[in-house]
*Asks:* 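The structure's right below; bear with me while I get my questions together.
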Amino acid sequence: QGQVVESGGGLVQAGGSHRLSCSASDHTFNNFGVGWFRQPPGKEREFVAAISWFGRNTYYADSVKGRFAISRDNAKKTVFLQMNDLRPEDTAVYFCASEPSGLAGTRPDNFDNWGQGTQLTVSS
């Protein structure tokens with residue numbers, strides 16, 4: 001598998017919107033499920049959202065359901081995380097990871113190729 005790289009982190013005001021991207025250099029990325037996870041300061045990594053290989057199935061943590069949307073553009077080998085109505089508690093390092101079966105799911109153990117993460121800070 002090729003490397004996955006997150007981008008788009010930054011500083012956002014509460015109530016605002018922002019988009020993160022997860023890109024890969026290897027075309028096999030299109031066959032994999034992809035997930036977003038985050039690690040808030042002083043806390044453990046947690047699941048955020050995931051999408052199956054063709055985008056048919058998506059999964060969301062309860063804390064982001066209705067505010068975040070995951071999508072993918074396989075032509076660009078990129079998965080997006082659109083985040084709306086951001087809250088200070090969304091502040092975290094956001095990681096993307098690929099999952100080889102293509103089904104995605106929500107368990108971190110399913111994902112075997114992780115990026116380095118990108119920091120998102122939401123100010124109140």
*Asks:* For the pair Ser101 and Glu99, evaluate side-chain hydrogen bond (donor to acceptor under 3.5 Å, both in side chains) and give the outcome as yes or no after the intermediate values.
*Replies:* CA-CA 6 Å; Ser101 81; Glu99 179 277 323; 2.4 Å; yes

*Asks:* Are the side chains of Thr118 and Ser7 in contact, using a 4.5 Å heavy-atom criterion?
*Replies:* no

*Asks:* Do Ser17 and Asn84 have side-chain N/O donor and acceptor atoms under 3.5 Å apart?
*Replies:* yes

*Asks:* Heavy atoms, side chains only, cut-off 4.5 Å: are Thr58 and Tyr60 in contact?
*Replies:* yes

*Asks:* Take Trp114 and Val4 through the side chain to side chain contact (heavy atoms under 4.5 Å, CB included) test and state the conclusion after the steps.
*Replies:* CA-CA 7 Å; Trp114 292 77; Val4 294; 5.7 Å; no

*Asks:* Check step by step if side chain to side chain contact (heavy atoms under 4.5 Å, CB included) holds for His27 and Asn74.
*Replies:* CA-CA 8 Å; His27 71 278; Asn74 283 349; over 6 Å; no

*Asks:* Are the side chains of Asn113 and Gln3 in contact, using a 4.5 Å heavy-atom criterion?
*Replies:* no

*Asks:* Does the pair Ser21 and Thr78 meet the rule for a side-chain hydrogen bond (donor to acceptor under 3.5 Å, both in side chains), with working shown?
*Replies:* CA-CA 7 Å; Ser21 300; Thr78 301; over 6 Å; no

*Asks:* Taking the six-membered ring of Phe54, is NZ or CZ of Arg72 closer than 6.0 Å to its centre and within 45° of its axis?
*Replies:* no

*Asks:* Say you draw a straight line from CG of Asn30 to NZ of Lys76; how long is it, rounded to the nearest 0.5 Å?
*Replies:* 13.0 Å

*Asks:* I would like to know whether Ile51 and Val79 meet side chain to side chain contact (heavy atoms under 4.5 Å, CB included); could you show each step before the answer?
*Replies:* CA-CA 9 Å; Ile51 188 167; Val79 170; 4.2 Å; yes

*Asks:* Please find out if less than 6.0 Å separates the ring center of Phe95 from that of Phe37.
*Replies:* no

*Asks:* What heavy-atom pair brings Phe111 and Gly35 nearest, and what distance separates the two atoms?
*Replies:* CE2-N, 3.3 Å

*Asks:* With Ile70, which of Tyr59, Trp36, Phe80 fulfils side chain to side chain contact (heavy atoms under 4.5 Å, CB included)?
*Replies:* Trp36

*Asks:* Passes side chain to side chain contact (heavy atoms under 4.5 Å, CB included), Cys22 versus Phe29? Steps please.
*Replies:* CA-CA 10 Å; Cys22 173; Phe29 181 74; 4.1 Å; yes

*Asks:* Around Gln116, counting heavy atoms of other residues, nucleotides and ligands shown, do more than 12 lie under 6.0 Å from its CD?
*Replies:* no

*Asks:* Which value, rounded to the nearest 0.5 Å, describes the distance between Asn110 atom CG and Phe47 atom CZ?
*Replies:* 10.0 Å

*Asks:* Restricting to pairs with a member in residues 39-55, which pass side chain to side chain donor-acceptor pair (under 3.5 Å), not counting sequence neighbours?
*Replies:* Arg38-Glu46

*Asks:* Would Asp90 and Arg67 satisfy salt bridge (charged side-chain N to carboxylate O under 4.0 Å, His left out), going step by step from the backbone distance to the final call?
*Replies:* CA-CA 11 Å; Asp90 294 319; Arg67 300 189 297 124; 2.8 Å; yes

*Asks:* Taking C-beta and beyond as the side chain, do Leu120 and Met83 meet within less than 4.5 Å on heavy atoms?
*Replies:* yes

*Asks:* Do Val5 and Val93 share a hydrophobic cluster, counting only Ile, Leu, Val, Met, Phe, Trp and Tyr and linking them when any side-chain heavy atoms are less than 4.5 Å apart?
*Replies:* no

*Asks:* Can you name the residues that form a side chain to side chain donor-acceptor pair (under 3.5 Å) with Lys65, not counting sequence neighbours?
*Replies:* Asp62

*Asks:* Is there a side-chain contact between Arg19 and Leu81, using heavy atoms and a 4.5 Å cut-off?
*Replies:* no

*Asks:* How far apart are the closest heavy atoms of Pro88 and Ala14, and which atoms are they?
*Replies:* CD-CB, 4.1 Å

